[in-house]
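Report on one structure; see the data block that follows.
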Amino acid sequence: MRILITNDDGIHSPGLLTLARAASRFGDVRIVAPHVEQSSMGHAITSARPLSWRKTVVESFEAYRVDGTPADCVALGASQWDGVNTVLSGINLGPNLGNAMWHSGTLAGAKQAALLGLRGIALSTSMIGEDPAPGHLEPFLSQVLELLLHAEADLPLVNVNFPREPKGIMWTRQAVRHYDGHVVPGQDPMGRRHFWFIVKPIEQVEEGTDLWAVQRGMVSMTPLRLDLTDHARLAEARARHPREGDAPRS
Ligand code: MN
């Protein structure tokens, strides 16, 4: 197995090193990651200028730092490595749960893999501002990789989140009911108005969701798909307002 590792915290994040070490037990590892932090950049790609990649040192791993986004790193890394079949993105030092998935650069690395027909797994942890080396997530990290990298695991895109102190692992769905992003006005030291985009904790969580699992100390694994189509509403719209050229209903 050829495993490309990326992240959005930057190539020197301890979360990436933890992941690369664990992944190296499952196959050949190569690191292609942003040279500076790209958190919350979502699935942006760089199209108005060329990308450069430079060989760099991350322990004994073959590693390249890129002046681009996580999605750039995966597109570039996959194009330059024949036979790569798996992309692991993370471990992000911060959660990527519920609607935060829309902004996540970590998840974008895995989504880019899925767009290219590769397996993509995003991994994040809720620990923020504590011990920044998530090495203690072993052995749960190994268990997750064993499960998701297994030859029979037919899961092309999965979002994994680790709580601070994992107690177990469960399958979850994305918590979509509430959005936790807010814009808060403030003032800079010169008296000028500015605005912060902040995230507030979600109080009501629904059972079975990623958010619910992580709040209960469980590692959440959410299988995802790239198809954003609302198939039920599409069928409804076609039935109510048929248009010429609609695909025949089966
Ligand atoms: Mn990040």
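Numbering of ligands and ligand atoms starts at 1, following listing order.
Atom CZ in Phe140 sits 12.0 Å away from atom OG1 in Thr125 (nearest 0.5 Å).
Of all protein N/O/S atoms, those under 2.8 Å from the Mn ion (ligand 1) are Asp8 OD1, Asp9 OD1, Ser39 OG, Asn92 OD1, and waters are not counted.
In this structure, the side-chain contact (heavy atoms from CB on, under 4.5 Å) partners of Met41, at least two apart in sequence or on a different chain, are Gln38.
Between His103 and Tyr179, the ring planes lie tilted relative to each other; the angle falls in the 30° to 60° range.
Members clustered with Leu234: none, using a 4.5 Å side-chain heavy-atom cutoff among hydrophobic residues.
A donor-acceptor contact closer than 3.5 angstrom is absent between the side chains of Arg164 and Ser126.
Evaluation of the side chain to side chain donor-acceptor pair (under 3.5 Å) test over residues 208-221, restricted to residues two or more places apart or in two chains, returns none.
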